[in-house]
Amino acid sequence: MTKRNMTPVKTPMPNQDPKVRSRNFEEVALGYTEEMARQEAARCLGCKNHPCVAGCPVNVRIPEFVAKVAEGDYEAAWQIITDTNALPAISGRVCPQESQCEAKCVRGIKGEPVGIGRLERFVADWHRTHSQDHVERPASNGHRVAVVGSGPSSLTCASDLAKLGYEVTIFEAFHTAGGVLVYGIPEFRLPKSIVQGEVDRLAELGVEVMTDMVIGKVLSIDELMDEMGYEAVFIGTGAGLPRFMNIPGEGLAGVCSANEYLTRINLMKAYLDEYDTPVLKSRAVAVVGGGNVAMDACRCAQRLGAEQVYIVYRRSREEMPARNEEIEHAEEEGIEFKLLCNPVEVLGDDHGHVSGLKCIRMELGEPDESGRRRPVEVPGSEFVLDVDTVIMALGTSPNPLIRSTTPGLEANRRGCLVVGEDGVSTTREGVFAGGDAVTGAATVILAMGAGKKAAAAIDQYIRSK
Ligand code: FAD
Ligand code: SF4
Ligand code: SF4
């Protein structure tokens with residue numbers, strides 16, 4: 001039996017040195033060795049009521065897989081995780097564990113919780129490098145399903161349906177499949193090869209992936225269903241429409257949305273020296289926002305060579321929605337946080353290019369409808385940040401293209417598709433939806449959970465016809 005490890009802190013995970021990594025795009029966190037993984041797994045108490053499982057949106061059987069890691073049986077650990085989580089190499093890297101599974105871990109009461117995400121990543125990476133298993137292509141059941149978009153909700157939905165024998169086609173607007181996992185989250189947090197591996201597994205299952213297919217323009221949902229013979233459609237088109245502040249100067253050259261900036265870096269490969277991608281090359285950058293997207297944008301700006309990078313956020317550090325680890329990594333890499341500050345105007349030079357960002361200081365007042373204390377301007381506290389680039393990372397909403405071209409498909413005030421009580425049936429028969437297209441910008445694991453649920457609902461729908 002494995003000896004329990006009662007150390008109150010997590011086994012540290014090695015990272016690239018901040019000075020070195022802030023100038024390259026290689027993965028920051030290097031992952032556990034076998035010895036580290038077993039040491040960390042031995043911290044788990046194997047609680048009978050396993051509160052950690054309830055904290056995971058897809059209910060990974062955490063104590064069971066962690067016990068297998070402690071025994072050194074990593075293949076068994078992989079089988080347990082993948083019973084409920086199809087993409088552990090991804091969730092182990094990007095899940096906000098501190099507010100999900102690890103937030104409920106009893107070891108967190110008197111110390112740090114078990115490093116569940118780190119262990120999940122270890123198991124997935126071990127499996128990738130050691131296992132020889134080949135995906136068996138299931139026999140076709142003769143039914144066809146179209147999946148629109150190729151983010152985590154779609155990948156999960158397509159994978160589950162293909163395993164049930166459905167003939168699945170993914171239609172993706174971009175030239176590469178993977179959704180935000182490839183166009184948003186940078187290489188240094190989630191290597192593209194890992195996402196590609198998952199897309200390749202889908203192909204082995206027989207899923208056809210058609211890229212450069214903007215549904216709503218090239219083909220409509222009606223055409224997919226009425227003319228091309230798809231019996232059901234899953235919409236997993238995400239929430240990729242960026243918001244702006246509507247302040248003076250936002251139209252100047254040198255202002256862009258974080259979505260566009262990250263897409264140019266990730267999908268159009270500006271992160272690789274050998275690519276001559278048109279992307280803003282900056283001396284000093286202000287990234288406005290405090291979420292994961294803002295952290296990714298500011299860290300990319302630094303890696304592209306900016307001398308000074310600021311985060312401008314109107315609340316305090318405690319209210320920042322980004323994952324703690326990403327905030328800490330950004331701080332270590334030298335990003336300067338201008339907290340309790342809000343931009344009021346982007347200043348321009350005679351050539352119509354950004355020459356500075358005028359901000360005002362804020363203080364926190366009473367809580368607003370989100371429960372967070374409302375930031376209020378401090379009169380007369382304006383100041384100017386000397387920057388030549390401003391990147392807006394203020395949140396996104398779903399693109400209206402599909403709902404505006406599909407009769408009977410309803411959306412709410414925020415542009416999110418309306419779904420029934422099962423969480424995935426839209427207002428149009430045979431059309432299902434999940435992920436950010438339904439919830440608005442959320443998380444990878446919630447999108448995966450929705451894709452799984454939708455696959456089960458689609459199977460039931462087609463079988464009941
Ligand atoms: P998406 O991943 O958005 O994929 C939607 C896909 O649909 C895209 O590929 C898009 O091109 C395609 N599409 C759109 N319209 C059409 C159309 N008309 N026709 C065909 N295809 C279409 N979450 C975390 O849990 N942890 C993190 O660390 C994290 N970091 C993030 C960092 C960034 C920069 C961003 C932008 C998001 C981050 N998120 C993070 C959020 C997470 O990535 C999303 O919640 C998740 O990807 C949503 O998955 P999805 O399947 O709904 O859609
Ligand atoms: Fe935790 Fe995410 Fe893994 Fe669930 S999927 S156990 S929340 S890291
Ligand atoms: Fe292990 Fe923590 Fe879950 Fe208990 S709550 S089983 S210690 S991971």
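Ligands are counted one by one from 1 in listed order, and the atoms in each one are counted from 1 as well. Since the model is a prediction, treat every value here as computed from it, not as a measurement. Starting from 1, each residue takes its place in the sequence as its number.
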(request) Can you sort out which atoms of ligand 1 are near Met213, meaning under 4.0 Å from one of its heavy atoms? (result) 19 (N), 20 (C)
(request) Measure from atom 43 (O) of ligand 1 to every heavy atom in Ile170, Val438, Val180 and give the option owning the shortest one. (result) Val180
(message) Please check if the number of heavy atoms outside Phe244 that lie under 6.0 Å from its CZ is greater than 12.
(response) yes
(message) Under a 4.0 angstrom heavy-atom cut-off, which atoms of ligand 1 come close to Gly179?
(response) 2 (O), 4 (O), 8 (C), 9 (O)
(request) Mark up the atoms of ligand 1 that fall under 4.0 Å of a heavy atom belonging to Ile402, in ascending order. (result) 18 (N)
(message) Regarding atom 39 (N) of ligand 1: of the candidates Ala442, Ala441, Gly184, which has the closest heavy atom?
(response) Ala442
(request) With atom 49 (O) of ligand 1 as the reference point, say which of Pro96, Ala294, Pro57, Pro152 has the nearest heavy atom. (result) Pro152
(message) I'd like to know if Arg189 contacts ligand 1, where contact means a heavy-atom distance under 4.0 Å to any ligand atom.
(response) yes
(request) Please work out whether the ring planes of Phe174 and Tyr183 are parallel, tilted or perpendicular, with thresholds of 30° and 60°. (result) perpendicular
(message) To the closest 0.5 Å, what do you measure between CD (Glu167) and OG1 (Thr169)?
(response) 8.0 Å
(message) Below 3.5 Å, N or O to N or O, backbone or side chain included: is there any such pair between Asp296 and ligand 1?
(response) no
(message) Heavy-atom distances under 4.0 Å decide this one: backbone, side chain, both or neither, for Thr237 against ligand 1?
(response) both
(request) Tell me whether Cys101 has at least one N, O or S atom under 2.8 Å from atom 4 (Fe) of ligand 2. (result) no
(message) Can you tell me how far apart OH (Tyr271) and OG1 (Thr277) are? Round to the nearest 0.5 Å.
(response) 10.0 Å
(request) With rounding to the nearest 0.5 Å, note down the distance linking OG in Ser282 to CD in Gln308. (result) 12.5 Å
(request) Inspect the contact between Arg428 and Asp222 and indicate whether a charged nitrogen and a carboxylate oxygen are less than 4.0 angstrom apart. (result) yes
(message) For a distance under 2.8 Å, give residue and atom name for each protein N, O or S atom next to atom 4 (Fe) of ligand 3.
(response) Cys47 SG
(request) Kindly identify the option in Ile215, Val293, Leu190 whose heavy atom sits closest to atom 18 (N) of ligand 1. (result) Ile215
(request) Scan side-chain atoms only and decide if Glu35 and Thr33 contain a donor-acceptor pair under the 3.5 Å cut-off. (result) no
(request) Can you label the angle between the Phe25 ring and the Phe188 ring as parallel, tilted or perpendicular, going by 30° and 60°? (result) tilted
(message) Show the atoms of ligand 2 that are less than 4.0 angstrom away from any heavy atom in Gln100.
(response) 7 (S)
(message) Check this for me, if you would: do Arg21 and Asp17 make a salt bridge, where the nitrogen-to-carboxylate-oxygen distance has to be below 4.0 angstrom?
(response) no
(message) Only heavy atoms of Asn85, strictly under 4.0 Å: list the atoms of ligand 2 that pass.
(response) 5 (S)
(request) Apply the salt bridge (Lys or Arg N to Asp or Glu O under 4.0 Å) test between Glu27 and each candidate in Arg189, Lys192, Arg93; give the one that qualifies. (result) Arg93
(message) Can you classify the ring geometry of Tyr230 versus Phe171 as parallel (below 30°), tilted (30 to 60°) or perpendicular (above 60°)?
(response) perpendicular
(message) Under 4.0 Å, heavy-atom basis, I'd like to know which part of Glu326 is in contact with ligand 1: side chain, backbone, both or neither.
(response) neither
(request) Ignoring angles and geometry beyond distance, decide whether Ile185 reaches within less than 3.5 Å of ligand 1 through its nitrogen or oxygen atoms. (result) no
(message) Please tell me whether Glu410 and Thr427 have a donor and an acceptor in their side chains that are separated by less than 3.5 angstrom.
(response) no
(message) Please list, in number order, the atoms of ligand 1 under 4.0 Å from a heavy atom of Gly435.
(response) 52 (O)
(request) Could you tell me whether Lys10 and Glu325 have a side-chain N and a carboxylate O separated by less than 4.0 Å? (result) no
(request) Taking atom types as modelled, find out whether Glu40 and Thr11 have a side-chain donor-acceptor pair closer than 3.5 angstrom. (result) yes
(message) If we set the cut-off at 4.0 Å for heavy atoms, which region of Asn399 has an atom near ligand 1: side chain, backbone, both, or neither?
(response) neither
(message) For ligand 1 and Cys95, I'd like to know whether there is a polar contact (N/O to N/O, distance under 3.5 Å).
(response) no
(request) Would you please name every residue forming a ring-ring contact (aromatic ring centres under 6.0 Å, His included) with Phe337, sequence neighbours left out? (result) none
(request) Would you check if there is a donor-acceptor pair between the side chains of Gln97 and Arg323 at a distance under 3.5 Å? (result) yes
(message) Leu401 versus ligand 1: do any nitrogen or oxygen atoms come within less than 3.5 Å of each other?
(response) no
(message) Return the SG to CG distance between Cys95 and Leu87, rounded to the nearest 0.5 Å.
(response) 10.5 Å
(message) Is it the case that the side chains of Glu75 and His127 hold a donor-acceptor pair, with the cut-off being a distance below 3.5 Å and no angle test?
(response) yes
(request) Tell me which protein heavy atom sits closest to atom 42 (C) of ligand 1, plus the residue, atom name and distance to 0.1 Å. (result) Val444 CG2, 3.7 Å
(message) Is Gly216 close enough to touch ligand 1? Criterion: a residue heavy atom under 4.0 Å from a ligand atom.
(response) no
(message) What protein heavy atom lies closest to atom 29 (C) of ligand 1? Include the residue and the distance to one decimal.
(response) Asn292 ND2, 3.7 Å
(message) Check this for me: does any side-chain nitrogen of one of Glu326 and Arg299 sit under 4.0 Å from a carboxylate oxygen of the other?
(response) yes
(request) Consider only side-chain N and O atoms of Asn85 and Ser91, and report whether a donor and an acceptor are under 3.5 Å apart. (result) yes
(message) Do the side chains of Lys338 and Glu336 get close enough for a salt bridge, i.e. N-O under 4.0 angstrom?
(response) yes
(message) Please list the nearest protein heavy atom to atom 4 (Fe) of ligand 2 with its residue and the distance rounded to 0.1 Å.
(response) Cys56 SG, 2.3 Å
(request) Between Ala447 and ligand 1, find which residue part has any heavy-atom pair under 4.0 Å and reply side chain, backbone, both or neither. (result) side chain
(message) Looking only at protein heavy atoms, which one is nearest to atom 26 (N) of ligand 1, and what is the separation?
(response) Val94 O, 2.7 Å
(message) Please determine whether a side-chain nitrogen of the Lys or Arg among Arg314 and Glu319 lies less than 4.0 Å from a carboxylate oxygen of the Asp or Glu.
(response) no
(request) Examine the proximity of ligand 1 to Thr396 and report which part, side chain or backbone, both or neither, has a heavy atom under 4.0 Å away. (result) neither
(message) Could you tell me, atom by atom, which parts of ligand 2 come under 4.0 Å of a heavy atom of Cys95?
(response) 2 (Fe), 5 (S), 7 (S), 8 (S)
(message) Starting from atom 3 (Fe) of ligand 2, what is the nearest protein heavy atom, named by residue and atom, and what distance separates them?
(response) Glu120 OE1, 2.3 Å
(request) Looking only at distances, please establish whether an N/O atom of ligand 1 is found under 3.5 Å from an N/O atom of Val214. (result) no
(message) Quick test: of every protein heavy atom, which one is nearest to atom 11 (O) of ligand 1, and how far off is it to 0.1 Å?
(response) Glu172 OE2, 2.7 Å
(message) For ligand 1, which is the ligand I care about here, please tell me if Ser153 has any N or O atom under 3.5 Å from one of the ligand's N or O atoms.
(response) yes
(request) Using a strict cut-off of 4.0 Å, indicate which atoms of ligand 2 neighbour a heavy atom of Ile445. (result) 5 (S)
(request) With heavy atoms of Gln97 as the reference, note each atom of ligand 2 found under 4.0 Å away. (result) 8 (S)
(request) Check each heavy atom of Val148 against ligand 1 and say whether those closer than 4.0 Å belong to the side chain, the backbone, both or neither. (result) side chain
